[in-house]
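These notes concern the structure reproduced below.
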Amino acid sequence: MKKIYIVLALLLTITRAYADEGMWLINLISQYNMSQMENYGLKLSVSDIYDLNKSSIKDAVVALDHGSCTASFVSNRGLIMTNNHCAYDDVQKLSSLDHDYLKDGFWAKSLNEEITIPGKSISILIKVEDVTDLVNAKIKIEVDKGNKSIFMMRKIFKHVEKSKVKESGYEVCVNSTFRGKQYFAYYYQTFNDIRLVSSPPSCLGMFGGDTDNWNWPQNKADFAIYRVYASADGKPNKYSKDNKPYKPKYVLPISTKGVKNGDFSMVIGYPGSTHRYKSSFAIEEKINVKNLSVITVRTEKLAAIKKAMNESDDIRIKYASKYFNSSNYWKYAIGENKCLKDYDVINKRKTLENQLRQYSKHEKKYIGVLDSLKKYYTIRANFRKSEEFFRESIFGCSDMLLFAMHLKGLKMILVKKKPQEAKVKTLKRNLKTFYKDYDLELDKKITSIGLRNYFENTDKKHIPSIISKILKDHNDNYDDLAYYLLENSILHDANRLNNFLNHINLEVLLKDPAFVIVDAITKAIHKNRLTSRKYDKKIRTYATKYTHGILEMQKDKQLAPDANSTMRITYGTLGGYSPKDGVFYKCQSTTDGYLQKNKIDNPEFRLDADIKEMLEKKDFGRYKAKDGKLYTGFIANCDITGGNSGSPVLNAKGKMIGLAYDGNWESMAGDIYFNPEMNKTVCVDIRFILWVIDKYANQKYIMKELLN
């Protein structure tokens with residue numbers, strides 16, 4: 001027993017020693033990170049990872065849909081691998097009762113069977129350029145002109161981007177770090193002919209559902225494969241039957257040797273946003289306003305949707321993507337609030353702020369920054385609460401009321417008596433997509449939930465009188481109001497809307513109940529924004545000073561900038577952790593977890609019979625480990641966030657060992673506070689992915705490419 005304790009202590013020691021906070025700029029790794037990564041075990045050079053003169057790993061890692069997720073090239077014929085949940089919306093749109101790709105999976109057996117995904121894109125990073133001096137020079141010009149517009153920086157960025165596009169021929173996006181300390185121009189090449197190749201069945205790819213989401217241990221084959229197509233000369237091109245599979249500059253090699261506790265790992269991808277330099281006042285607002293509105297409204301809404309999905313396959317297919325997208329952040333918000341409180345993050349931040357107060361005695365420019373932040377956050381609080389509950393309760397609940405926003409644009413055109421053919425054409429195109437994934441009776445239920453939450457949680461001064469009157473006319477009964485709105489709107493069904501669009505009448509539009517609700521509430525929100533905008537501007541100004549003060553005060557520390565959907569690298573080691581006294585989680589999961597959790601009466605944990613049989617037979621082939629097990633996932637202490645989903649996880653030699661897809665429950669404060677002992681990146685093991693493709697799906701033509 002004593003030996004066991006010693007081993008566990010060593011495991012924990014390894015995890016702590018190798019935890020490293022930071023999503024680091026890929027172009028500056030030689031300046032900040034290489035020596036540390038080499039100490040952890042990295043066997044690559046800087047030029048192997050990022051190089052402008054030869055192909056390198058950065059050429060294999062791409063932004064999916066401009067940063068919603070990450071993917072990477074895994075074959076020299078344009079195959080890219082990402083997470084199943086990143087492809088979930090595409091698979092849902094392709095699914096029907098006749099072709100239930102969500103439940104059964106999708107497996108193209110040849111190039112001809114791959115399905116084009118309209119609107120899908122991948123962006124390849126060409127290079128990063130420091131444009132700090134150029135941007136600062138433009139700022140000085142604008143300030144000297146007296147320009148104080150909140151849109152000034154956007155104007156400057158657009159100007160720089162336009163000039164760089166003209167010089168290079170690439171797409172260019174300018175981003176700032178540390179709230180204006182540095183500015184970088186990112187050059188991209190974007191491809192738009194993307195076709196779905198593989199997606200596993202939900203009982204493999206989404207196993208565990210909400211219950212396992214944001215938790216460890218997990219068992220998920222969370223992967224999907226697309227193929228990138230280009231013109232015959234390898235250039236980006238819109239869809240064409242003449243396009244050919246794209247040959248990337250660099251393909252990630254795959255390792256099937258497996259992983260173990262203490263192994264080096266790194267993640268390269270496009271993390272969306274972090275807020276590690278938020279003040280205590282901003283964190284309090286996040287907990288008590290943003291997250292509160294999400295948790296309050298979505299808890300009821302999701303319960304209603306889930307019940308309907310469990311009762312009808314038709315609704316399950318229609319609402320699968322909507323449910324996942326909504327539930328994902330709902331559970332995150334619950335976990336974030338819990339972890340922020342459990343880790344006492346607000347008081348930790350206040351301690352840092354007290355140090356800033358002391359520092360400001362010597363650096364006078366920071367005097368009053370904290371008091372000003374507190375003042376303006378307090379004044380703005382009520383406006384922000386009304387807006388967040390509006391967003392969650394109205395547009396976040398009712399599909400019809402959200403779709404009614406399209407009618408506002410139509411109204412402006414009709415009032416000005418301008419031609420509306422283009423707008424009508426757009427609406428007719430959108431209605432096909434909208435009604436395909438819409439159920440009127442379910443929308444009535446969740447619209448009622450939304451309306452009640454809007455009225456109960458919004459300052460009465462911010463609710464338009466006409467809306468209060470409509471509710472009163474329905475005896476304060478939200479079910480009756482929802483029924484009235486949805487039954488009597490021109491949006492009731494596709495035929496009714498199409499008939500209106502063929503005989504457009506402004507008077508009919510202005511009397512439409514769904515339009516009246518949306519028009520009145522959005523006007524009220526706009527009015528509130530006009531009032532609160534001056535407070536927003538003050539908060540931005542003092543938040544920038546606050547961040548710069550924190551950086552200057554800690555100038556001897558190596559600090560990473562917040563994520564902003566640009567390519568970043570993060571690194572650490574595989575290792576388990578102890579979330580509470582007496583509990584220790586190992587760093588790997590196996591297929592045993594599928595069998596142990598399998599429940600016939602629970603859709604989240606229900607295995608298909610053929611998959612269950614395969615797992616029980618343990619026919620794992622070349623993908624099994626020395627102990628005979630097939631490992632499904634692992635955790636490492638790499639620092640990631642949303643947008644990193646689908647990022648390749650690489651070993652010390654730069655070979656792919658898995659895909660990042662989640663964080664553990666104890667890391668839910670990670671966007672604001674990195675806990676080095678608790679934050680873990682949850683990854684799917686590449687060996688499990690290959691087993692699913694090879695042994696389960698028998699997708700031989702893909703296997704030849706992946707392990708060529």
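The analysis underlying the following values was restricted to heavy atoms, covering all of them including side chains, and did not include hydrogens, waters or symmetry mates. All residue numbers in this chain count up from 1 along the given sequence.
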With a sphere of 6.0 Å drawn around [atom1] of [X], does it hold more than 12 non-hydrogen atoms of other residues, nucleotides or ligands?
X      : atom1 : answer
Lys109 : NZ    : yes
Lys436 : NZ    : yes
Lys586 : NZ    : no
Lys306 : NZ    : yes
Lys700 : NZ    : yes

Name all residues meeting the salt bridge (Lys or Arg N to Asp or Glu O under 4.0 Å) criterion together with [X]; count only those two or more places apart in sequence or in a different chain, and write none if there are none.
X      : value
Lys617 : Glu613
Asp662 : none
Asp104 : none
Glu171 : none

State whether a side-chain donor-acceptor pair under 3.5 Å links [X] with [Y].
X      : Y      : answer
Asn598 : Lys612 : no
Glu705 : Ser75  : yes
Ser312 : Asp314 : no
Ser110 : Asn112 : no
Tyr226 : Asp90  : yes
Tyr323 : Asp210 : yes
Asn328 : Asn213 : yes

Check: [Y] and [X] side chains under 4.5 Å, non-hydrogen atoms:
X      : Y      : value
Asn664 : Tyr585 : no
Val259 : Tyr631 : no
Ile49  : Leu42  : yes
Ile225 : Val74  : no
Val91  : Phe106 : no
Thr211 : Lys597 : no
Phe605 : Gln596 : no
Lys257 : Asn651 : no

Q: Apply the side chain to side chain contact (heavy atoms under 4.5 Å, CB included) test between Val197 and each candidate in Leu111, Ile702, Ile693; give the one that qualifies.
A: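 Option passing the side chain to side chain contact (heavy atoms under 4.5 Å, CB included) with Val197: Ile702.
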**Q.** Asp65 side chain to Lys120 backbone, donor-acceptor under 3.5 Å
**A.**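 The answer is no, because no donor-acceptor pair under 3.5 Å joins these two groups.
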(Q) So does Gly646 get a backbone contact from the side chain of Thr70, meaning a donor-acceptor N/O pair under 3.5 Å? (A)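 No: the side chain of Thr70 does not pair with the backbone of Gly646.
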Q.
Show, in sequence, the C-alpha distance, side-chain angles and deciding distance for Trp107 and Asn698, and conclude whether the side-chain contact (heavy atoms from CB on, under 4.5 Å) test is met.
A. CA-CA 9 Å; Trp107 309 100; Asn698 195 31; over 6 Å; no
Qualifying residues under side-chain contact (heavy atoms from CB on, under 4.5 Å), relative to [X], sequence neighbours excluded:
X      : answer
Asn192 : Ser121, Thr190
Ile611 : Pro201, Cys203, Leu204, Leu607, Asp608, Leu615, Tyr696
Thr274 : Met23, Arg276, Asp562, Ala563, Thr641, Asp671

Taking every non-hydrogen atom, the tightest pair across [X] and [Y]:
X      : Y      : result
Met37  : Phe264 : O-CE1, 4.0 Å
Ile122 : Leu64  : CG2-CD1, 3.6 Å
Cys69  : Ser645 : CB-O, 3.4 Å
Arg77  : Arg227 : O-NH1, 2.9 Å
Val46  : Ser30  : CG2-CB, 3.7 Å
Pro648 : Leu252 : CB-CD1, 3.6 Å

Once the angle between the rings of [X] and [Y] is folded into 0 to 90°, is it parallel (under 30°), tilted (30 to 60°) or perpendicular (over 60°)?
X      : Y      : value
Tyr246 : Phe191 : tilted
Phe324 : His85  : tilted
Tyr270 : Tyr188 : tilted

Q. Are Arg687 and Asp685 ion-paired here, with the side-chain N under 4.0 Å from a carboxylate O?
A.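 Judged by the 4.0 Å cut-off on N to carboxylate O distance, Arg687 and Asp685 do form a salt bridge.
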Q.
Quick test of your reading of the model: are Lys618 and Asp592 salt-bridged, counting only N-O distances below 4.0 Å?
A.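 Between Asp592 and Lys618 there is a salt bridge, with a charged N closer than 4.0 Å to a carboxylate O.
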Q) Can you list every ring pair (Phe, Tyr, Trp, His ring centres under 6.0 Å) pair that touches residues 642-662, not counting sequence neighbours? A)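 As it turns out, there is no ring pair (Phe, Tyr, Trp, His ring centres under 6.0 Å) pair with a partner in residues 642-662 once direct neighbours are skipped.
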Q: Can you sort out the partners of Tyr623 under side chain to side chain donor-acceptor pair (under 3.5 Å), two or more places apart, ordered by chain and number?
A: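 By the side chain to side chain donor-acceptor pair (under 3.5 Å) rule, Tyr623 matches Asp694.
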Q: Would you please name every residue forming a side chain to side chain donor-acceptor pair (under 3.5 Å) with Ser199, sequence neighbours left out?
A: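 Testing Ser199 for side chain to side chain donor-acceptor pair (under 3.5 Å), a comparison that skips the adjacent residues, returns Asn84.
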(Q) For Phe688, run the ring pair (Phe, Tyr, Trp, His ring centres under 6.0 Å) check against Phe634, Phe620, Tyr594, Phe207 and tell me which one passes. (A)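 One option only clears the test, and that one is Tyr594.
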Q.
Quick test of your reading: applying side-chain hydrogen bond (donor to acceptor under 3.5 Å, both in side chains), list the pairs with at least one residue in residues 45-56, sequence neighbours left out, ordered by first then second residue.
A.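 For residues 45-56, and leaving out neighbouring residues, the side-chain hydrogen bond (donor to acceptor under 3.5 Å, both in side chains) pairs sorted by first residue read Ser45-Ser47, Ser45-Asp48.
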Q: Would you mind listing every side-chain hydrogen bond (donor to acceptor under 3.5 Å, both in side chains) that reaches into residues 247-256, with sequence neighbours excluded?
A: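 Every pair satisfying side-chain hydrogen bond (donor to acceptor under 3.5 Å, both in side chains) with a residue in residues 247-256: there are none.
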Q.
I'd like to know whether Val684 forms a side-chain contact (heavy atoms from CB on, under 4.5 Å) with Lys220, so could you lay out the CA-CA distance, the side-chain angles of the two residues, the decisive distance to 0.1 Å, and finally the verdict.
A. CA-CA 7 Å; Val684 57; Lys220 277 190 177 71; over 6 Å; no
Q. Stepwise, does the side-chain contact (heavy atoms from CB on, under 4.5 Å) test hold for Glu666 with Lys580?
A. CA-CA 10 Å; Glu666 293 77 19; Lys580 56 187 175 182; over 6 Å; no
Q.
side-chain hydrogen bond (donor to acceptor under 3.5 Å, both in side chains), that's the test. Do Tyr40 and Gln36 meet it? Break it down for me.
A. CA-CA 6 Å; Tyr40 287 5; Gln36 184 71 18; 2.9 Å; yes
Q | Check against side-chain contact (heavy atoms from CB on, under 4.5 Å), Ile115 and Arg195 | A | CA-CA 5 Å; Ile115 301 178; Arg195 306 180 195 181; 5.9 Å; no
Q. Do we get Lys624 above Trp691's six-membered ring, with its NZ or CZ under 6.0 Å from the centre and within 45° of the axis?
A.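 Checked: cation-pi criterion not met.
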